[in-house]
Amino acid sequence: MTTRVRFAPSPTGYLHIGSARTALFNYLYAKNVGGKFLLRIEDTDLARSTDESTQSILQGLAWLGFAPDEEIIYQSNNADKHRAAALKLLEEGKAYRDFTPKEDIGDKNIKQAIADKARQNQGVKNMRDNEYRDLSKAESDAKAEAGEPFAIRLKVPETGKTVFEDAVYGLLERDYSETEDLVLLRSDASPLYNLSVVCDDIEMEITDVIRGQDHLTNTHKQILIYEALGEKPPKFAHLPLILAPGGKKLSKRIHGEIVSMTTYRDAGFLAAAFRNFLALLGWSAGEEQEIYTLEELIEKFSLDRIHQSNATFNFDANNPKRWTDDKAIWMNAEYIRTMNLQELLPFVKTELKSAKLWRDEYEDDDKIWFEKTVDLIRERFFNLKDFSTQGRAYFSEDFDFDQAAIDKNLKKFPDLQTWLPELAERFAPMEDFTHDAIHETVGKFVEEKGTKFGVIMNGARALLTGLAVGPSMLAVFETLGKEKSILRLKSQIAWNL
RNA sequence: GGUCGAUUCGUCUAGGGGUCUAGGACACCGCCCUUUCACGGCGGCGACACGGGUUCAAAUCCCGUAUCGACUACCA
């Protein structure tokens, strides 16, 4: 039997970082064993599901490169089948109609209300204690025919326990007494989550369910449904959760954009880098290597090397430099400066295009220059955005000057206001404007003026790039070329800032 | 409250009774390189939650405690 796994998000928001990691693990596992990776949109919560969310999730998955191997399943399309399954269980006496009026838990603080209720019921309420559980079929049918509203609940056996072997957590048990007679069908006849999941997983012939450990108790409930339905449950693997700093739940509401995949795409992350980072959150190959290609991840992935403890996604909302996890930022930078240049180029092109800095010559007459320049400046970049911000001076005459660079490297040495234009004059007659020749010219100039190499170079850097940091100035002169170097050395704009 | 799960440097992690004076990565700090630096090189700081067992030997096994998390819905 071929392995079939599924990623089953509910479209109530953008693709969450934890969901993305679940999708990644499902994907890696499927590919590792030569199985299929499927996608199911769990849009049964009509009130919260939106088409916009679905699109956002699909985009996020596409960005990460996880294409489903079969057509996408929309759970809401299967409601009839789920309903039929519940009715079948009712017919077989494995479920019963509950005529208890629907309870209205207040809309806010639902979690709290549920916990409070559970506390109150503690010790006084038996999970099997429902006056309609053992109603005779005739009575139940009569009430239903009379039009009394009812929900259908699963008849969980009085004694026993659910047991399953989790690929990550090992043998897990839960006594039936801890599990309520869960509702399968609402009084409006719409199916509930656990029923829908089980029915769809059966229909999709899912062999391995890999999901967050927040589903651990659901798994016990779902096994009960599998058993009632006379089906064999799939294998389960529960993943540790990704938490916010302080060990709190990482939530969309509290932590905002940081949990959304689109944020990373828009911030100039390479999907490959982020994927790599995600893979190492809760899993490791048990070796010191940390940078992996997708192929390597697929090859090395295994469920038994997934952790059992939750991971903290570290960031500091108040510090722009650490707006997201340090290691993710580092990994993206690592990818940018070490990946194959030809693979990086298309991303740089896209970035420059969106910043209106792109010129078609970069792929034609100026191809060699462009590649050399990208290769030069990527050394110190952290994300794709840097090519159009920090790197702007390499692609446009219209760039900003960093005030600190001006003050520290230019204005602090007033002589530079005449020296730099003078240096430009020395450049003018040069025929060979390359590294060594420039070095020689600047060297002589420095000697003449009785100053230091650094003073000239740092001042020139401020003028030519607007920044205090960057690659070797000799390389900058060379890549910018004689004309631009002269023009910018002579420019007085920065002196007036 | 109950059930279940987890607990190694600030963070991600290696570790599965002796090789652990606990290894790596990120971050941080210092030095070097250098015309600058966010590159690179070298080094430093820094952890087995606590208490009991078991054992010749425990980060590793067992039991308690603490802490954290999930779940506890006619949400998904």
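Numbered from 1 within each chain, the chains take letters A, B, ... in sequence-line order. Computed over heavy atoms, backbone and side chain alike; hydrogens, waters and symmetry mates excluded.
We find that CD of A/Glu379 is positioned 11 Å from P of B/rG41, with the value rounded to whole Å. Rounded to a whole Å, the NE2 atom of A/His82 is 14 Å from the C1' atom of B/rA76. Here the P atom of nucleotide B/rU7 and the CD atom of A/Gln308 are 6 Å apart, to the nearest Å. Taking atom CD of A/Glu178 as the reference point, atom P of B/rU72 lies 13 Å away to the nearest angstrom. Rounded to whole angstrom, the span from the CG atom of A/Asp43 across to the P atom of B/rC75 amounts to 16 Å. One atom, CG of A/Asp304, and another, P of B/rG15, lie 11 Å apart when rounded to the nearest Å. One atom, CD of A/Glu180, and another, C1' of B/rA73, lie 8 Å apart when rounded to the nearest Å. Whole-Å rounding puts the A/Leu184 CG to B/rC75 P distance at 13 Å.
Going from the P atom of B/rA59 to that of B/rU54 covers 16 Å, rounded to whole Å. Distance check on atom P: B/rA27 versus B/rC4 gives 41 Å, rounded to whole Å. The separation of B/rC42 from B/rA47, taken at their C1' atoms, amounts to 24 Å, rounded to a whole angstrom. Here, B/rA22 and B/rA49 have their P atoms 15 Å apart, quoted to the whole Å. Taking atom C1' on both nucleotides, B/rA58 is separated from B/rG52 by 14 Å, rounded to a whole Å. One P atom belongs to B/rG40, the other to B/rA6, and the distance between them is 38 Å to the nearest Å. On the P atoms, B/rG15 is 15 Å away from B/rG23, given to the nearest whole Å.
Salt bridge A/Lys372/A/Glu478: present, at least one basic N to carboxylate O contact under 4.0 Å. The pair A/Glu131-A/Arg133 does not meet the salt-bridge criterion, since no charged nitrogen lies less than 4.0 angstrom from a carboxylate oxygen. A salt bridge is defined here as a Lys NZ or Arg NE, NH1 or NH2 lying under 4.0 Å from an Asp or Glu carboxylate O, and A/Asp415 with A/Lys449 fails to meet this definition.
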With salt bridge (Lys or Arg N to Asp or Glu O under 4.0 Å) as the test, would you mind laying out the steps for A/Glu148 and A/Lys143 before giving the verdict?
CA-CA 6 Å; A/Glu148 271 193 58; A/Lys143 282 171 88 73; 3.1 Å; yes
One pair to check against ring-ring contact (aromatic ring centres under 6.0 Å, His included): A/Trp323 and A/Tyr264. What are the steps and the verdict?
CA-CA 11 Å; A/Trp323 67 278; A/Tyr264 296 89; 5.4 Å; yes
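At least one donor-acceptor pair under 3.5 Å links the side chain of A/Asn458 to the backbone N or O of A/Gly454. When atom types are taken as modelled, the side chain of A/Thr338 and the backbone of A/Glu334 share a donor-acceptor pair closer than 3.5 angstrom. Although no hydrogens or angles enter the test, the distance criterion places no donor-acceptor pair under 3.5 Å between the side chain of A/Thr451 and the main chain of A/Glu447. The closest donor-acceptor contact from the side chain of A/Asp181 to the backbone of A/Val156 lies under 3.5 Å.
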List the atom pairs, donor and acceptor, that lie under 3.5 Å between side-chain atoms in residues 160-168 of chain A and the rest of the protein, sequence neighbours left out.
{"from": "A/Lys161", "atom 1": "NZ", "to": "A/Glu173", "atom 2": "OE1", "distance (Å)": "3.1"}
{"from": "A/Thr162", "atom 1": "OG1", "to": "A/Arg174", "atom 2": "O", "distance (Å)": "3.3"}
{"from": "A/Asp166", "atom 1": "OD1", "to": "A/His238", "atom 2": "N", "distance (Å)": "3.1"}
{"from": "A/Asp166", "atom 1": "OD1", "to": "A/His238", "atom 2": "ND1", "distance (Å)": "2.6"}
{"from": "A/Asp166", "atom 1": "OD2", "to": "A/Val168", "atom 2": "N", "distance (Å)": "2.8"}
{"from": "A/Asp166", "atom 1": "OD2", "to": "A/Tyr169", "atom 2": "N", "distance (Å)": "2.8"}
{"from": "A/Asp166", "atom 1": "OD2", "to": "A/His238", "atom 2": "N", "distance (Å)": "3.3"}

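Base pairing of B/rA66 is made with B/rU7, judged by Watson-Crick or G-U wobble geometry with both donor-acceptor distances under 3.5 Å. Judged by Watson-Crick or G-U wobble contacts below 3.5 Å, the nucleotide B/rG16 has no partner.
Below the 3.5 angstrom threshold, one finds a donor paired with an acceptor across the side chain of A/Gln390 and the base of B/rA38. Not a single donor-acceptor contact under 3.5 angstrom links the side-chain atoms of A/Arg153 to the base of B/rC74.
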Treating primed atoms plus P, OP1 and OP2 as sugar-phosphate and everything else as base, which nucleotides of nucleotides 16-32 of chain B get B, S or - for protein heavy atoms under 4.0 Å?
-------SBBSSS----
Using a 4.0 Å heavy-atom cut-off to protein, can you give one letter per nucleotide of nucleotides 65-71 of chain B, 5' to 3': B if the base is in contact, S if only the sugar-phosphate is, - if neither?
---SSSS
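To the nearest 0.5 angstrom, A/Gln222 atom CD is 10.0 Å from A/Ile202 atom CD1.
Heavy atoms of A/Arg305 sit under 4.0 angstrom from primed sugar atoms or phosphate atoms, though from no base atom. Base contact: A/Ser187 has a heavy atom under 4.0 Å from a base atom. Nucleic acid contact for A/Ala151: base, since at least one base atom lies under 4.0 Å from a heavy atom of the residue. Residue contacts shown for A/Thr100 include a base, since a base heavy atom lies under 4.0 Å away. Residue A/Gly282 is classed as a sugar-phosphate contact, given heavy-atom separations below 4.0 Å to backbone atoms only. Among the atoms of the strands shown, only primed sugar atoms or phosphate atoms (P, OP1, OP2) are found under 4.0 Å from some heavy atom of A/Tyr169. Note on A/His238: nothing from the nucleic acid sits closer than 4.0 angstrom, heavy atoms only.
Aromatic pair A/Tyr335/A/Phe269: centroids not less than 6.0 angstrom apart.
Just one of A/Leu28, A/Leu38, A/Asn26 meets the side chain to side chain contact (heavy atoms under 4.5 Å, CB included) condition when paired with A/Val5; it is A/Asn26.
Distances were taken from every side-chain heavy atom of A/Leu281 (C-beta onward) to each of B/rU7, B/rC12, B/rA73; the shortest belongs to B/rC12. Checking B/rG5, B/rU72, B/rU36 against every side-chain atom of A/Val469, the shortest atom distance belongs to B/rU36.
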Could I get a table of every N or O pair under 3.5 Å where one atom is in the protein and the other is in nucleotides 42-49 of chain B?
none

Any protein N or O atoms within reach of nucleotides 33-35 of chain B? Criterion: under 3.5 Å, listing atom names and distances.
{"from": "B/rU35", "atom 1": "O2'", "to": "A/Asn458", "atom 2": "OD1", "distance (Å)": "2.9"}
{"from": "B/rU35", "atom 1": "O2'", "to": "A/Asn458", "atom 2": "ND2", "distance (Å)": "3.3"}
{"from": "B/rU35", "atom 1": "O2", "to": "A/Arg461", "atom 2": "NH2", "distance (Å)": "3.3"}
{"from": "B/rU35", "atom 1": "N3", "to": "A/Met473", "atom 2": "N", "distance (Å)": "3.4"}
{"from": "B/rU35", "atom 1": "O4", "to": "A/Ser472", "atom 2": "OG", "distance (Å)": "2.6"}

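Using bins of under 30°, 30° to 60° and over 60° for the plane-to-plane angle, the ring pair A/Tyr226/A/Phe236 lands in the perpendicular bin.
Taking the centre and axis of the six-membered ring of A/Phe445, the NZ or CZ atom of A/Arg426 falls outside the cone set by 45° and 6.0 Å.
A close approach under 4.0 Å does occur between a side-chain nitrogen or oxygen of A/Ser284 and OP1 or OP2 of B/rA14.
Checked against ring pair (Phe, Tyr, Trp, His ring centres under 6.0 Å), A/Phe477 has the following partners two or more places apart in sequence or in another chain: A/Phe427.
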